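These numbers were taken from a predicted model, which means no experiment stands behind them. Heads up: numbering here begins at 1 and tracks the sequence. Remember, it's 1-based here, ligands and their atoms both numbered in the order they're listed.
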Amino acid sequence: MITVTEALDRLFALAAPLGTETVPLLQAAGRVLAADQVALRDQPPFAASAMDGYAVIEAASGDVLQVIGESAAGHRFDGAVGSGQAVRIFTGAPVPSGAERVVIQEEVQRDGDVITIGDGLDSGTHIRPAGNDFPAGHRVSAGQVLGPNDIALLASMNKADILVARQPKVALISTGDELVMPGETPGPDQIIASNTMGLHALLTELGALPRLLPIARDTTASLTTVLDLVEDADLVITIGGASVGDHDLVAQVAGELGMEQAFHKVAMRPGKPLMSGRLREAMMIGLPGNPVSAMVCGHVFVAPVIRAMLGLGAFPAPRKSAPLCHDIDVNGPREHYMRARLDNNGLTVFNRQDSSLLSVLGAANALAVRPAYDPARQIGDVLEYLPI
Ligand code: AMP
Ligand code: MG
């Protein structure tokens, strides 16, 4: 058995970044930017008014000025403003040449084409200089997940097509005679394939493209047939059948299909019967079938693998730390990812840690991490956890 850290290292050795593709800006949200984007012009491209008002050279309370024209957004005033003159101006409009400031309209009394500056004149210019937002040459760096704000900025930089990391295609295979899909009518000895759906959701959230394959039954023939449907997946994830019971066929069948195994079994709870290797063109991860084990391995192993494939770097799931709300017992020989609830007071570790309890996982928002042989801990002791 290897440690979680060692397993991650071996997984990263199999999970190379996948290359890039160009997508329209509207499809770039949630994708990983694969090349720096550089602005080719200033924004705003001209000095622009920040307010509705009057563009003038200078103004003092009581000044009387002649209005000689108008500058609106998208329609500049072509002339220049002279002494004793003003140009009616609106937010976002180009400031006419000669103007040094904009007097906001609330500070002006207008009578025909004549304005009088009021008493409450402020000292602001109300002008956004050219390049005030960003200058030509401004850079958005590659290697980040694009969110809505980034999309707005890239649009403002006039970027219509964006080079992004290709999304990992993931084939998800459940195994087991006892499984039916949600919505089907289970027989008396059957249960619903659950972690398959959870992993699909996790993979989608991570920016991968998961595809559910038919459930493989517990026969060599069925598993072989389903593994033959993998096509061009970058990553094949099997669920269940990964330990050494009579009906646990994944290692055997994958081996017969030529999988080069990188490891089988990790010193962790839950999730011990984890395996990985290379199967044909794809990376393969065999997850344990117990629902919580599969989901925990999803957070601890699959998520970092997907990030690595997206070019976001090879690093473990980020941890945080928080104080315990109560005492907990000594840990055994395997690293333990305990289902826990974090609130303002700290971490409460649930009593029931059986790896079949999705109701407990559903109530958890953290996995409290206990190193192998971690001694008993007291209330107030700080523990590391993975937010989930
Ligand atoms: P296995 O690793 O195939 O021995 O499965 C371990 C336990 O997990 C068994 O109780 C299975 O019924 C259950 N199990 C396996 N795969 C799934 C799945 N996709 N969804 C829910 N439970 C599963
Ligand atoms: Mg099984």
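- Using 4.0 Å as the threshold, Ile192 has a heavy atom nearer than that to some atom of ligand 1.
- Near Ile191, with a cut-off below 4.0 Å to any heavy atom, the atoms of ligand 1 are 12 (O), 22 (N).
- At the top of the distance list for atom 11 (C) of ligand 1, counting protein heavy atoms only, stands Glu178 OE2, 3.0 Å.
- The single protein non-hydrogen atom nearest to atom 6 (C) of ligand 1 is Asn290 N, 3.7 Å, given as residue, atom name and distance.
- Side-chain atoms of Asp52 and Thr91 include a donor-acceptor pair closer than 3.5 Å.
- Cluster note: Val95 groups with Ile89, Val102, Ile127 through ILVMFWY side-chain heavy atoms spaced under 4.5 Å, whether in direct contact or through intervening members.
- Closest protein heavy atom to atom 18 (C) of ligand 1: Asn195 OD1, 3.1 Å.
- Relative to the six-membered ring of Tyr54, Arg88 meets both conditions, a distance below 6.0 Å and an angle of at most 45° to the axis.
- Scanning the protein heavy atoms around atom 14 (N) of ligand 1, the nearest turns out to be Gly289 O, 3.2 Å.
- At a 4.0 Å heavy-atom cut-off, ligand 1 touches Pro291 through the side chain alone.
- Remark: Arg76 qualifies as a cation-pi partner of Phe46 under the 6.0 Å distance and 45° angle criteria applied to the six-membered ring.
- Closest protein heavy atom to atom 3 (O) of ligand 1: Gly241 N, 2.7 Å.
- In terms of protein heavy atoms, atom 4 (O) of ligand 1 is closest to Asp248 OD1, 3.5 Å.
- Interface atoms of ligand 1 facing Ala193, defined by a heavy-atom separation under 4.0 Å, are 20 (N).
- Listed by number with element, the atoms of ligand 1 under 4.0 angstrom from any heavy atom of Thr196 are 19 (N).
- Cluster partners of Ile192, using a side-chain heavy-atom cutoff of under 4.5 Å among ILVMFWY residues and allowing indirect links, are Val180.
- Considering every non-hydrogen atom in both Val382 and Arg377, the closest pair reads O-NH1, 3.5 Å.
- Atom 21 (C) of ligand 1 has Ser194 OG, 3.2 Å as its closest protein atom, hydrogens excluded (heavy atom only).
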